[in-house]
Amino acid sequence: MSFDFIRKLPTPKEIKELYPMPEACIKAKKKNDQEIRKVFTGESDKFILIIGPCSADNEDSVCDYIQRLARVQEEVKDKIILIPRIYTNKPRTTGDGYKGMLHQPDPEKKPDMLAGLITIRKLHIRAIEETGLTAADEMLYSENYRYLSDILSYVAVGARSVENQLHRLTASGMDIPVGMKNPTSGDLSVMLNSVQAAQSAHTFIHRGWEVSTDGNPLTHTILRGSVSKHGQTIPNYHFEDLNLLYQLYMERNLQNPAVIVDCNHSNSGKKFKEQIRIANEVMHCRRHSEDLNNFVKGLMIESYIEEGCQKIGTGSHVYGKSITDPCLGWEDSKNLILSIANQL
């Protein structure tokens with residue numbers, strides 16, 4: 001058994017120097033970060049929607065989608081903050097399948113991590129330049145965050161990474177909201193332990209350095225449903241689930257209690273149209289309980305230009321259609337955003 005060391009990749013500092021953030025993008029991120037922070041600290045009663053493709057697969061279609069989001073953002077700006085999903089790292093349960101733009105800038109070609117690092121940075125910057133919206137991405141590898149640390153406004157730690165110590169410690173050094181998903185088993189204590197760890201100060205090894213962090217008070221939970229030992233999906237977005245998580249929060253000395261509900265994945269059983277019903281049920285739960293109204297800060301929705309999904313490797317793609325999990329189409333997505341705004 002051996003590792004084939006292909007090449008040494010540039011450091012985050014080197015990549016940032018080669019592809020710097022334009023001044024206008026820096027200002028947009030600062031403004032957006034301040035608004036998003038206030039939601040999690042309770043200073044703002046705006047609602048957060050983290051919405052976009054399951055995976056970013058094509059620069060033009062992703063930016064086309066985010067331009068559409070930006071136009072809707074103007075309509076709902078008094079009530080909703082839209083954070084586009086530009087997910088460039090994708091966990092694969094068995095290790096097979098498309099791992100995202102970081103691995104494969106072209107889904108039809110072989111992995112190229114150097115080209116991937118450049119591609120995802122350029123994509124994120126282009127999206128900010130064209131729309132003023134700053135994005136969310138998943139922290140698949142904890143080492144990767146610093147390549148985009150000056151760009152992202154939100155980071156998610158997935159169900160398969162939430163128990164990993166280095167993900168928790170890396171999150172403790174971030175100054176933006178980090179959402180910790182419940183593990184695929186559904187164990188809420190694992191998710192809350194992860195939040196507690198990320199909100200605490202630490203000293204550890206990161207990218208070959210001894211580093212120290214102060215803790216991230218904006219770390220919070222994400223409910224995404226779970227899977228039973230028989231492979232059945234078990235949703236956890238219902239009123240009883242939200243109330244239970246709220247009570248568990250109250251038993252711990254955690255800062256800024258907050259949950260984001262993921263409307264897809266095991267909550268929908270990957271039946272993408274169910275996201276509309278789930279979103280509306282969560283909104284009803286917030287209206288029914290003042291505690292939940294303050295506790296549920298937003299939703300995650302998988303959405304793209306064309307609904308559903310498609311397979312790669314065929315040589316032809318439908319523009320703006322997911323190549324990983326199925327997503328809502330644009331018209332349904334726009335209508336859902338406007339509906340949510342009307343319920344706030």
Side-chain angles (χ1 to χ4, degrees), residues 50 54-55 85 87 89-100 136-142 154-172 177-200 216 219-254 257-272 274-275 277-279 281-282 285 292 295-302 324-326:
I50 302 161
C54 174
S55 57
R85 284 175 56 109
Y87 275 32
N89 302 257
K90 292 301 297 180
R92 303 284 85 184
T93 303
T94 64
D96 293 330
Y98 179 61
K99 297 183 178 69
D137 203 345
E138 181 167 350
M139 184 167 61
L140 180 57
Y141 307 116
S142 59
Y154 187 95
V155 165
V157 175
R160 298 161 190 82
S161 303
V162 71
E163 208 161 0
N164 180 272
Q165 185 75 351
L166 196 52
H167 282 74
R168 295 174 172 190
L169 301 184
T170 302
S172 75
V178 177
M180 299 291 188
K181 288 196 173 186
N182 63 263
T184 54
S185 68
D187 190 333
L188 300 182
S189 65
V190 168
M191 174 176 64
L192 288 165
N193 288 342
S194 189
V195 171
Q196 183 172 337
Q199 288 192 356
S200 304
N216 181 356
T219 312
H220 58 279
T221 55
I222 302 174
L223 292 177
R224 49 86 71 199
S226 62
V227 181
S228 75
K229 65 181 181 180
H230 302 294
Q232 298 168 317
T233 55
I234 305 170
N236 59 11
Y237 61 84
H238 297 302
F239 179 85
E240 295 79 8
D241 301 300
L242 298 172
N243 197 53
L244 172 60
L245 180 58
Y246 177 77
Q247 296 303 325
L248 292 173
Y249 252 107
M250 294 303 100
E251 294 170 8
R252 297 187 181 222
N253 187 28
L254 296 174
V259 64
I260 300 287
V261 177
D262 181 345
C263 294
N264 215 13
H265 298 100
S266 291
N267 269 332
S268 69
K270 295 190 178 180
K271 297 176 182 176
F272 67 94
E274 288 294 289
Q275 293 183 98
R277 180 188 59 78
I278 292 166
E281 180 172 330
V282 173
C285 291
L292 295 186
F295 180 52
V296 180
K297 301 294 187 182
L299 302 171
M300 276 188 170
I301 297 167
E302 291 195 318
T324 44
D325 288 349

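Being a predicted model, the structure only gives us computed values, none of them experimental.
From His167, atom NE2 reaches atom CE of Met180 across 9.0 Å, with rounding to the nearest 0.5 Å. Between Asp241 atom CG and Leu223 atom CG the span is 7.0 Å, to the nearest 0.5 Å. Taken from CG in Asn267 to OH in Tyr237, the straight-line distance is 6.5 Å, to the nearest 0.5 Å. Rounding to the nearest 0.5 Å places NZ of Lys270 at 8.5 Å from OG1 of Thr324. For the atom pair CG of Asn264 and CZ of Arg224, the computed distance is 10.0 Å after rounding to the nearest 0.5 Å. Rounding to the nearest 0.5 angstrom, the gap separating the OG atom in Ser142 from the CG atom in Leu166 is 3.5 Å.
Scanning both residues, Cys54 and Tyr87, for their nearest heavy atoms gives O-CB, 3.6 Å. Taking both residues in full, the closest heavy atoms of Ser172 and Ala197 are given as CB-O, 4.2 Å, listed atom of the first, atom of the second, then distance. Summarising the geometry of Thr233 relative to Ser266, their closest heavy-atom pair is CB-O, 3.6 Å, with the distance given to 0.1 Å.
Without hydrogens or angle criteria, Gln275 side chain to Ser268 main chain gives no donor-acceptor distance under 3.5 Å. Looking at Thr221, its side chain never comes within 3.5 Å of a backbone N or O of Gly179 through a donor-acceptor pair. Using a distance-only test at 3.5 Å, with no hydrogens or angles considered, a donor-acceptor pair links the side chain of Ser194 to the main chain of Val162.
Proximity of His265 to Asp325: side-chain heavy atoms (C-beta onward) are separated by under 4.5 Å at one or more points. Side-chain contact between Leu242 and Phe295: absent, with no pair of heavy atoms (C-beta onward) separated by less than 4.5 Å. Here the side chains of Glu251 and Leu248 are in contact, with some heavy-atom distance below 4.5 Å. No side-chain heavy atom of Val157 sits less than 4.5 Å from a side-chain heavy atom of Thr219. Residues Glu138 and Lys181 are not in side-chain contact: their nearest non-hydrogen atoms beyond the backbone lie 4.5 Å or more apart. Leu254 has its side chain within reach of Gln196: a pair of non-hydrogen atoms, C-beta onward, lies under 4.5 Å apart.
Ring pair Tyr249/His220: centre-to-centre distance not below 6.0 Å.
Side-chain polar atoms of Asn236 and Asn182 form a donor-acceptor pair below 3.5 angstrom.
More than 12 non-hydrogen atoms from other residues, nucleotides or ligands lie less than 6.0 angstrom from CD of Glu281.
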For this session: Please report the C-alpha distance between Leu245 and Leu192 in whole Å, then the side-chain angles of each, then the deciding distance to 0.1 Å, and finally whether the side-chain contact (heavy atoms from CB on, under 4.5 Å) criterion is met.
Result: CA-CA 9 Å; Leu245 180 58; Leu192 288 165; 4.2 Å; yes
Exercise. Does the pair Gln199 and Arg252 meet the rule for a side-chain contact (heavy atoms from CB on, under 4.5 Å), with working shown?
Worked result: CA-CA 12 Å; Gln199 288 192 356; Arg252 297 187 181 222; over 6 Å; no
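With sequence neighbours excluded, the residues satisfying side-chain contact (heavy atoms from CB on, under 4.5 Å) with Gln165 are Arg168, Leu169.
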Less than 3.5 Å apart, which donor and acceptor atoms pair up between the side chains of residues 225-232 and the rest of the protein, not counting sequence neighbours?
{"unit_1": "Ser228", "atom_1": "OG", "unit_2": "His230", "atom_2": "N", "d": "3.2"}
{"unit_1": "Ser228", "atom_1": "OG", "unit_2": "Gln232", "atom_2": "N", "d": "3.2"}

